[in-house]
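Here is the structure we will look at.
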Amino acid sequence: MGTLDYIWLGVLAVFQGPELFSILGFAVSVTLVMIFCGFLLGVAVGATPGLAGPMAMAIALPILISIFGYSGDALLPVLGFLIGIMKGATIGGAVPAILFNTPGTPDAFMTTLDGYPMAQRGQAKKALRVAHFSSVSGDTFSDLVLFVCAPFLAIFVEAYLDFPEKTALLILSLSFIAAVIGGSPAKGLISMSLGLLAAYVGTGEDFYPRLSVGSQKLAQGFPIATAVLGVLIIGAIFKGMEELWHEKKSKGTIAVVADSGDQRLSFADMRRLLPYISRSAVVGTAIGALPGIGSTLAATLGYTLGKNRYQKRKSVDDPDFGTGAPEGIAATEAANSSVSGANLIPVLSLGIPGNAAAVFLILAADSIGGFNPGPSVFKFTKDAVNPELVVAFGLFTAMFLANILNWTIGGFFMRSMAIMIRIPKQFLLPVVLLVTLTAIYVQETRMEAIWFALGFGILGYAMRCFAMSPLPFVIAFILGSKLEDSARQAFSASGNDPFFLITSPIAAAFIALSVVVVTIALRGQAKVYQN
Amino acid sequence: MNLSSKSNLYLGLFCLAVALFLVIVWIPLDTDTGLVEKVRRRLVVGDALAPTVAAVFLAIGGLSLVFIERNASSQPHLTAQNLRFLGSIFGVLFIGLTVMRYAGPLAVWITNLMAGESLEYRLLRDTAPWKYIGYFFGGTLMITGIIALVENGISGRGLRIAVLAVIVLMVIYDFPFDDILLPPNGDV
């Protein structure tokens with residue numbers, strides 16, 4: 001089996017999977033339909049303030065597993081649906097930001113700076129077209145980087161990294177995530193350590209389940225869905241509800257501005273935007289490839305770079321950045337959208353999730369089985385077929401198809417989703433809460449799971465009150481057992497060498513880098529406070 | 001110096017205290033193997049090592065908050081208002097989940113009492129309409145209660161949305177699948 005054979009098998013797995021129906025004699029596979037449905041749902045969710053792609057992924061996962069079961073055939077339809085949501089939500093987020101000055105996600109905040117003034121000037125449709133074109137361009141670029149880089153990185157990891165190096169790499173990733181997410185390295189470390197501690201409750205190799213305080217309920221450990229959905233989704237719902245509780249009443253009706261001027265996005269417009277899009281796409285892809293760095297930083301950096309370029313080149317009549325410049329939307333949207341594809345590089349090549357969407361892809365793969373994201377996926381076996389590699393290329397095909405949907409119907413569908421802003425959050429969030437609790441219960445079928453999830457929800461809420469990012473917690477929870485297993489094997493394989501993390505040069509370099517990353521981040525904070 | 005400017009200090013000290021409690025009390029008392037163990041004359045990593053490392057990270061985070069980020073300009077913290085909201089929403093959720101858990105068995109008990117039958121909820125938990133009673137009433141109460149909490153009063157619109165949402169969820173989760181049990185029917 002050569003590389004091209006594997007790519008072709010991946011494409012066929014998507015197109016020739018189980019047939020759902022046929023059109024004019026051509027069979028339409030269930031995976032294709034799921035990508036399409038996920039995409040539509042993703043755009044709708046992205047366009048709804050208060051909701052986000054990961055939320056829809058979390059709710060959809062147990063339903064999808066109930067429909068498709070735990071067989072190998074379930075992998076591509078389920079992952080295809082989740083990828084569809086991820087891609088759709090990427091473009092949907094700009095809609096409320098541009099039309100109503102209410103960013104659906106934090107990274108869409110920069111889009112409001114130029115998008116909303118354009119909408120106020122009657123250029124809403126044009127602003128949406130700019131956002132769509134830039135977002136999809138950035139996303140496509142980062143996907144191409146993912147397709148090329150992930151297999152090579154995985155092969156490198158598998159060839160050169162043994163257990164001590166892999167353990168050190170996991171420590172480096174966790175240190176990096178703790179140091180860079182959320183702006184406070186100390187709080188990142190706390191969030192990460194809480195995630196590790198939660199992962200170690202009720203687990204271990206001994207007969208007695210550790211840290212279970214003798215309780216049978218804790219002896220099985222915390223189910224992954226309760227920790228992830230509790231901290232990420234329920235915590236966010238509690239915080240959103242509290243903000244509404246403070247507001248008490250809505251601010252009034254939404255003003256409608258009539259369209260004026262040319263709403264089309266001409267070829268000349270695209271050419272003018274391309275330098276901004278390409279710079280931001282590179283920035284977003286580079287940032288996305290590092291686990292844990294969110295799209296908000298990419299959007300801010302892309303916007304700042306774009307602004308510097310624009311100030312030097314703009315004519316006197318052109319609006320400044322922040323007052324309705326299409327280039328501002330392009331720079332922001334290309335940057336934050338290019339993060340999503342590149343974020344999958346550490347997932348597929350190392351098995352380390354870098355963002356919330358990647359967490360749910362890992363959760364799906366983990367629930368269904370038969371596909372363990374990580375370096376072992378990219379084993380190009382010649383004699384026998386490596387089914388995980390076929391699934392990986394199937395995923396790339398799904399992402400490619402979602403991009404085609406983004407380019408073709410995405411713009412139209414995105415513009416038609418403006419209606420979602422009218423759903424009041426005070427009705428939407430309690431419903432999402434019940435959906436989430438139901439989703440957890442149908443997966444775990446015990447009431448403790450709901451109580452665990454609510455407990456983690458309170459933790460997520462408290463973290464948000466302290467401005468502590470919950471993402472290091474979630475990623476540490478997922479990687480906790482992997483880190484421990486890897487360390488146990490490394491200790492054993494090194495002949496019980498307690499210094500196994502520093503005897504190998506690569507492992508020692510990773511550990512040194514971990515210390516450097518955390519130290520630099522902490523020293524950076526110290527300098528900020530001294531000034 | 002007001003409370004907000006000290007919140008990093010308090011949070012850091014709290015984390016340090018938790019880390020110390022973990023390392024000195026909880027982990028040694030609640031783990032059967034130590035940091036390393038000798039099994040068949042070979043040293044292996046014990047179950048206490050990983051949580052101890054996590055506790056050390058927690059301590060480092062706490063110390064960093066105390067010594068490095070103590071004077072951060074923005075130090076949000078849990079306010080009394082946060083706790084009041086959390087208490088209220090948790091109260092609503094607790095009542096909703098309690099109703100969800102016991103409404104079905106209560107309906108069976110009332111039926112037995114009135115009709116003189118000897119039905120058992122456990123045997124009816126996958127039979128309509130019994131299997132929907134707890135989810136319907138508990139779910140409706142939960143959504144209506146939270147909407148009422150946010151809107152500062154119960155509204156007919158909130159109740160209608162709650163009923164509609166719960167029915168839609170029952171249709172999505174229960175109607176198409178034989179192997180899915182709505183809460184609380186999986187473990188009654």
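Remember, it's a predicted structure, so these values are computed and weren't measured experimentally. Numbered from 1 within each chain, the chains take letters A, B, ... in sequence-line order.
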Rounded to the nearest 0.5 Å, what's the gap from CD on B/Gln81 to CH2 on A/Trp245? Could you check?
5.5 Å

Of all of B/Ala59, B/Gly186, B/Pro183, which one pairs up most often with chain A through heavy atoms under 4.5 Å apart?
B/Pro183

Mind checking the SG-CG spacing from A/Cys465 to B/Leu86? Nearest 0.5 Å is all I need.
8.0 Å

Does the side chain of A/Tyr441 pick up a donor-acceptor pair with the side chain of B/Asp187 at under 3.5 Å?
yes

Option in B/Val18, B/Ile27, B/Ile146, B/Leu43 with maximal non-hydrogen atom pairs under 4.5 Å from chain A:
B/Leu43

For B/Leu22, which atoms come within 4.5 Å of any heavy atom of chain A: side chain, backbone, both, or neither?
side chain

Work out which heavy atom in B/Ala54 is nearest to a heavy atom in A/Ser193; give both atom names and the distance.
O-CB, 3.2 Å

In this structure, CZ of B/Arg101 is separated from CE of A/Met447 (nearest 0.5 Å) by 7.5 Å

Residues of residues 489-499 of chain A within contact distance of chain B, non-hydrogen under 4.5 Å:
A/Phe491, A/Ser492, A/Asn496

Most heavy-atom pairs under 4.5 Å with chain B, out of A/Ala487, A/Pro185, A/Gly480, A/Ala462, belong to A/Pro185

Hey, which of B/Asn185, B/Asp30, B/Thr79 has the most heavy atom pairs under 4.5 Å with chain A?
B/Asp30

Counting only non-hydrogen atoms closer than 4.5 Å, can you tell me which residues of residues 114-141 of chain B sit against chain A?
B/Tyr135, B/Gly139

Heavy-atom side-chain contact between B/Met142 and A/Leu437 under 4.5 Å
yes

Go through A/Leu197, A/Leu194, A/Val201 and name the one with the most non-hydrogen pairs under 4.5 angstrom from chain B.
A/Leu197

Interchain contact, B/Leu97 with chain A, by part (heavy-atom threshold 4.5 Å)
both

Does any backbone or side-chain atom of B/Leu182 lie under 4.5 Å from a heavy atom of chain A? Answer side chain, backbone, both or neither.
both

Okay, B/Glu37 and chain A: the region with an atom under 4.5 Å from a heavy atom over there is neither

In terms of side-chain heavy atoms, does A/Tyr200 have a donor or acceptor partner in B/Asp47 at a distance below 3.5 Å?
no

Quick check on the interface: out of B/Asn82, B/Leu65, B/Thr31, who has the most heavy-atom pairs with chain A under 4.5 Å?
B/Asn82

Structural part of B/Ile143 lying under 4.5 Å from a heavy atom of chain A:
both

Of the backbone (N, CA, C, O) and the side chain (C-beta and beyond), which part of B/Phe85 lies under 4.5 Å from a heavy atom of chain A, both, or neither?
both

Supply the atom-to-atom distance B/Ile68 CD1 to A/Thr519 OG1, rounded to the nearest 0.5 angstrom.
8.5 Å

Can you tell me how far apart CG (B/Leu11) and CD1 (A/Ile190) are? Round to the nearest 0.5 Å.
5.0 Å

Has the side chain of B/Glu69 got a donor or acceptor atom that lies under 3.5 Å from a matching backbone atom of A/Ala186?
yes

As an exercise, state the distance from CZ of A/Arg464 to CG of B/Leu78, rounded to the nearest 0.5 Å.
13.0 Å

